[in-house]
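Beneath this line is the structure, given in structure tokens, with notes to follow.
Residue numbers start at 1 and run along the sequence shown.
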Amino acid sequence: MIQAAFRIEPCRDPSRRYGSTQGAISLETSEEMAVPRVAAESPGEKSKDTVEELLYNKDDVSKLMKMERRPDTEGLGHQERWFPYLDKVKAGSMYLSSSEILEAVTPYIMDSRKERFRHAVKNRTYSVCLVVEGLSDFGNVSATFRSADALGIQSVHVVACDSSKRYRENRHVSMGAEKWLDIELWDSVHECFKVLKSRGYRIATTHLGMDTVSVYDMDWSCPTAIVVGNELRGISDEALGSSDLHCSIPMKGMVDSFNVSVAAGLLMHHAVCDRTSRLGCHGDLTSEESRILLAEFSLRHNDNAIRIAQEYAERKIAELKSKL
């Protein structure tokens with residue numbers, strides 16, 4: 001479970017690094033919601049690796065995502081491409097829309113942070129997603145998360161991590177990227193690929209072989225799930241057999257493979273470059289989708305954001321009752 005240790009501190013100058021969540025929500029302007037200024041501890045102060053904890057507990061991962069999600073059984077439905085969220089979130093006894101969430105929470109987020117959110121959302125896509133299969137080093141998983149976030153890949157899938165091994169601590173590797181991604185955990189390749197295909201993705205596994213396509217020859221404007229495999233064994237036979245195509249990064253040296261996290265970063269980076277070349281930009285969310293994801297980020301930003309939304313909903317209910 002992701003748990004941030006909180007401490008009370010006096011008000012400080014709002015200028016600080018974007019990578020920090022310290023003091024990002026200010027709650028000193030409203031008498032109805034007046035509480036002390038809250039700041040989260042830095043990642044280095046956490047006692048356990050949050051990525052490792054997340055990947056052992058599906059419930060903890062699902063709690064990261066705040067807005068209501070479309071059911072897996074729905075598939076694409078009437079959508080041209082997959083977008084996971086509905087325009088509503090449960091706040092106390094009622095549902096709020098993304099517009100209402102932004103109205104409630106935005107006044108308590110620093111301007112620099114809001115601009116960071118807007119910039120990230122503008123460059124986000126669900127048209128490319130990352131699948132990591134059977135990785136045995138959480139440092140590599142964390143590194144792929146960090147690369148996905150940096151490159152605007154919002155959706156990440158993790159298939160069957162080996163929980164029987166001990167892992168080195170790597171809490172600094174992801175730099176908190178897991179907080180901003182949509183992470184889905186799967187027990188099997190079959191389950192993961194079935195859902196991804198129902199969402200309109202083609203499955204591209206990284207593999208060296210006769211039928212392999214160079215990543216430079218692929219059209220990345222087509223919704224694609226990039227699959228990288230175990231550090232030693234690579235992609236499983238099941239994943240290779242169930243994928244739509246095999247792809248590889250051309251190698252020019254004496255070795256024939258990259259570190260798995262490096263390979264994932266290179267693949268995602270090329271996908272971004274190819275999409276930008278073909279489409280003019282990488283981010284492709286509609287205005288409605290952008291608003292919903294912006295509300296999602298605002299709710300993930302700080303634990304107090306959920307409480308603010310709930311109190312907003314309570315006031316709204318009270319106002320409605322007063323008019324009856």
Side-chain angles (χ1 to χ4, degrees), residues 70 72 74-77 79-85 122-135 141 143-159 177 181-186 188-209 211-230 234-236 238-250 258 260-286 289 293:
R70 300 181 185 278
D72 289 333
E74 184 177 305
L76 276 178
Q79 301 178 101
E80 294 183 2
R81 54 176 174 69
W82 176 252
F83 182 76
Y85 293 109
K122 181 181 179 181
N123 292 282
R124 273 321 203 237
T125 188
Y126 286 91
S127 296
V128 177
C129 68
L130 176 69
V131 181
V132 294
E133 183 208 8
L135 298 190
V141 178
T144 61
F145 285 1
R146 184 175 177 180
S147 295
D149 174 67
L151 292 167
I153 308 295
Q154 181 65 23
S155 179
V156 176
H157 302 258
V158 181
V159 182
L181 299 173
D182 292 0
I183 302 170
E184 296 183 69
L185 306 184
W186 305 95
S188 69
V189 167
H190 173 76
E191 180 186 15
C192 177
F193 283 16
K194 179 181 178 181
V195 170
L196 287 175
K197 288 183 179 182
S198 75
R199 295 176 181 176
Y201 291 101
R202 64 175 177 177
I203 311 295
T205 49
T206 51
H207 178 65
L208 291 174
D211 59 345
T212 296
V213 177
S214 168
V215 296
Y216 303 130
D217 296 328
M218 292 174 59
D219 179 357
W220 291 93
S221 64
C222 173
T224 304
I226 306 169
V227 186
V228 295
N230 181 271
I235 300 287
S236 67
E238 181 183 6
L240 288 173
S242 302
S243 60
D244 298 304
L245 70 145
H246 306 155
C247 64
S248 66
I249 305 170
F258 289 105
V260 64
S261 64
V262 172
L266 289 172
L267 285 162
M268 289 186 288
H269 182 265
H270 178 69
V272 172
C273 292
D274 182 81
R275 286 171 53 77
T276 302
S277 175
R278 294 175 187 272
L279 305 174
C281 63
H282 169 58
D284 60 0
L285 301 184
T286 65
E289 292 167 348
L293 189 58

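- In this structure, the side chain of Ser243 engages the main chain of Leu240 through a donor-acceptor pair within 3.5 Å.
- A pairwise comparison of heavy atoms in Gly229 and Leu135 identifies O-CD2, 3.0 Å as the closest pair.
- Between Tyr216 and Ile249 there is a side-chain heavy-atom pair separated by less than 4.5 Å.
- Looking at heavy atoms from C-beta onward, Gln154 lies in side-chain contact with Leu293 at the 4.5 angstrom threshold.
- Here the side chain of Ser277 pairs no donor or acceptor atom with the backbone of Asp274 at under 3.5 angstrom.
- In plain terms, the two heavy atoms of Arg278 and Met218 that are nearest each other are NH2-O, 3.5 Å.
- With a 6.0 Å radius and a threshold of 12 heavy atoms from other residues, nucleotides or ligands, Lys197 has its NZ atom above the threshold.
- Between Phe258 and Leu267 there is no side-chain heavy-atom pair separated by less than 4.5 Å.
- Although no hydrogens or angles enter the test, the distance criterion places a donor-acceptor pair under 3.5 Å between the side chain of Thr206 and the main chain of Val227.
- Side-chain contact, Thr125 with Asp284: a donor N or O sits under 3.5 Å from an acceptor N or O.
- For residues 262-272, the set of pairs meeting the salt bridge (charged side-chain N to carboxylate O under 4.0 Å, His left out) definition, not counting sequence neighbours, is empty.
- Under a 3.5 Å cut-off, the side chain of Asn230 and the backbone N or O of Gly134 do form a donor-acceptor pair.
- Between Phe145 and Val141, the closest side-chain pair of non-hydrogen atoms falls below 4.5 Å.
- Inter-residue side-chain proximity for Ser198 and Lys194 is flagged as unmet; no heavy-atom pair is nearer than 4.5 Å.
- Leu245 and Arg202 get closest at one heavy-atom pair: CD2-CD, 3.9 Å.
- With Arg275 contributing its side chain and Gly283 its backbone, the two residues share no donor-acceptor pair below 3.5 Å.
- The main-chain N or O of Trp220 is never found under 3.5 Å from a side-chain atom of Thr224 such that the two would form a donor-acceptor pair.
- Across all their heavy atoms, Ser188 and Val159 have their closest contact at C-CG1, 3.7 Å.
- When all heavy atoms are compared, the tightest approach of Leu151 to Gly265 is CD1-O, 3.8 Å.
- In this structure His282 satisfies the ring-ring contact (aromatic ring centres under 6.0 Å, His included) test with no other residue, sequence neighbours excluded.
- For Ser248, the side chain to side chain contact (heavy atoms under 4.5 Å, CB included) partners two or more places apart in sequence, or in a different chain, are Leu208, Thr212.
- Here the closest heavy-atom approach between residue His157 and residue Trp186 is recorded as ND1-NE1, 3.0 Å.
- In this structure, the side chain of Trp82 does not engage the main chain of Leu196 through any donor-acceptor pair within 3.5 Å.
- Atom SG of Cys129 is separated from atom CD1 of Ile226 by 8.0 Å, given to the nearest 0.5 angstrom.
- Formation of a donor-acceptor pair under 3.5 Å by the Arg70 side chain with backbone atoms of Phe83 is found in this model.
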